[in-house]
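Written out below as structure tokens is the structure these notes cover.
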There are 2 protein chains.
Amino acid sequence: MVTKFGRFTVNGEDMTGKLASQKRVFHNNDDCPIRNVVAQIGDRWSILVLFSLVDEPDRFNSIKRRVEGISQKMLTQTLRDVEREGYVSRTVYPEVPARVEYALTDLGRELIKPLYGLVSWADQNHTTIKSCRDAYDRANA
Amino acid sequence: MVTKFGRFTVNGEDMTGKLASQKRVFHNNDDCPIRNVVAQIGDRWSILVLFSLVDEPDRFNSIKRRVEGISQKMLTQTLRDVEREGYVSRTVYPEVPARVEYALTDLGRELIKPLYGLVSWADQNHTTIKSCRDAYDRANA
DNA sequence: TGCTCTAGTTACCTTATGGTGACCAAGTTT
DNA sequence: AAACTTGGTCACCATAAGGTAACTAGAGCA
């Protein structure tokens, strides 16, 4: 059996059809790819920072100006995190004053593709979701 | 100009090409679809719970057994959240003892599609990411 | 000398998130 | 009557996440 989403692997295992049997257990430890990847980009700033580098590299203060509301501390922290994950590279140019350029790596560009699918969906559906929230809140007031 | 990801809309605005001009600002307020949607499912349990309902509806304690490590409190909270977003429906059957069935809504099933893209990517690339982390940690020890 | 730039770091504080364990109600079984 | 079932709620606590503001380095410029 193949679901409407096609082949379906999670935790490195082909789980196509296993959900249907109600036997599938979803692990939530360090080896779980879902948490391992999604937890890192599910924070307040990572996705915005990654998308700010989609078309070309950019430097620290320029990113800071473009990602509205991010503090210096959080931009540093977010950039370190996405650099550690391998999504972004950091290049220091020994100019005066120092110039530090951040760019998506190949891996980062690969990640942008599924991420873009999610972001587009969010963009197309967020008014629907808002009215769902309102309806829920009215029903549970 | 169209990016390699095709048309690109964020915040309801066609931003294709705007990134390239370095003019694009990423808002992070209540009207930002990215945060509005991603922040809700970027928590510790939502994605796992949503995927546990992909193939058929399931009831509270069965989900609890299948989503490893989730506490009763967090399952309740997560289910209320995804219900409020409109991704999941909650049906009480007046049996004895009470049976409560959770199922993906049409909207929830729509969300699963881009989410599945992300989860698959995570599954295929998490070993790469792990070695990126190790390399980063070695370089910055 | 003092002020400017970029790209940070650090200390401190507040809020958000999530975990534990006790408790609850309605009804059925022993 | 006591215990067990499902599907929760509630109070309490610990930690994580994130914001603010001050401070730093290295070099150029007035």
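In what follows, every chain begins at residue 1, and chains take the letters A, B, ... in the order their sequences are listed.
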message: Measure CZ/A/R99 against P/C/dA7 and give the value in whole Å, please.
response: 9 Å
field: Donor-acceptor pair between A/D43 and A/S46 side chains, under 3.5 angstrom
entry: yes
Shortest non-hydrogen contact between B/N36 and A/K130, atoms and distance: ND2-CE, 3.5 Å
query: Rounded to whole angstroms, how far apart are CD on B/E95 and P on C/dT29?
result: 14 Å
- line: Scanning both residues in full, the closest heavy-atom pair of B/Y87 with A/W121 reads CE2-CH2, 3.8 Å
message: If I take atom CE in residue B/M74 and atom P in nucleotide D/dA11, what distance separates them, rounded to the nearest angstrom?
response: 18 Å
Residue-phosphate contact under 4.0 Å: A/R59 side-chain N/O, C/dA7 OP1/OP2: yes
task: Using a cut-off of strictly less than 4.0 Å, decide whether A/R90 has a side-chain nitrogen or oxygen near OP1 or OP2 of C/dG8.
output: yes
- request: Using whole Å, report how far CG of B/D43 lies from P of C/dG19.
  value: 10 Å
message: According to a hydrophobic-cluster definition based on side-chain heavy atoms being under 4.5 Å apart (Ile, Leu, Val, Met, Phe, Trp, Tyr only), do A/Y136 and B/L75 belong together?
response: no
message: Output the rounded distance in Å from CG (A/L75) to C1' (C/dT6).
response: 13 Å
- prompt: If you measure from NZ on A/K64 to CG on A/L79, what distance do you get to the nearest 0.5 Å?
  reply: 12.0 Å
field: Bend angle of the helix from C/dT1-D/dA30 to C/dT30-D/dA1, from helix axes over five pairs at each end, nearest 10°
entry: 30°
message: If you assign each of A/V96 and A/R44 to its closest nucleotide in DNA chain D, which residue comes earlier from the 5' end?
response: A/R44
query: Which whole-number value in Å describes the distance from A/K73 NZ to D/dG18 C1'?
result: 6 Å
- prompt: Within this structure, what is the CG-to-C1' distance between B/N140 and C/dT9, rounded to whole angstrom?
  reply: 15 Å
- prompt: Is the shortest heavy-atom distance from the side chain of A/D58 to the side chain of A/E101 under 4.5 Å?
  reply: no
- prompt: Do the side-chain N or O atoms of A/Y102 get closer than 4.0 angstrom to the phosphate oxygens (OP1, OP2) of C/dG8?
  reply: yes
- prompt: When we call it a touch if two heavy atoms are under 4.0 Å apart, what does B/Q77 touch: a base, just sugar-phosphate, or nothing?
  reply: nothing
field: Any donor-acceptor pair under 3.5 Å from A/T105 side chain to A/G86 backbone
entry: yes
query: From C/dG19, C/dA7, D/dT9, pick the nucleotide closest to the side chain of A/N61?
result: C/dA7
- prompt: In whole Å, what is the span from the CG atom of A/L79 to the P atom of C/dG8?
  reply: 8 Å
- request: Compare the minimum distances between each of C/dG8, D/dG19, D/dG8 and the side chain of A/T76, then state the nucleotide with the smallest one.
  value: C/dG8
query: DNA chain C: A/P97 or B/W45, which has the more 5' nearest nucleotide?
result: A/P97
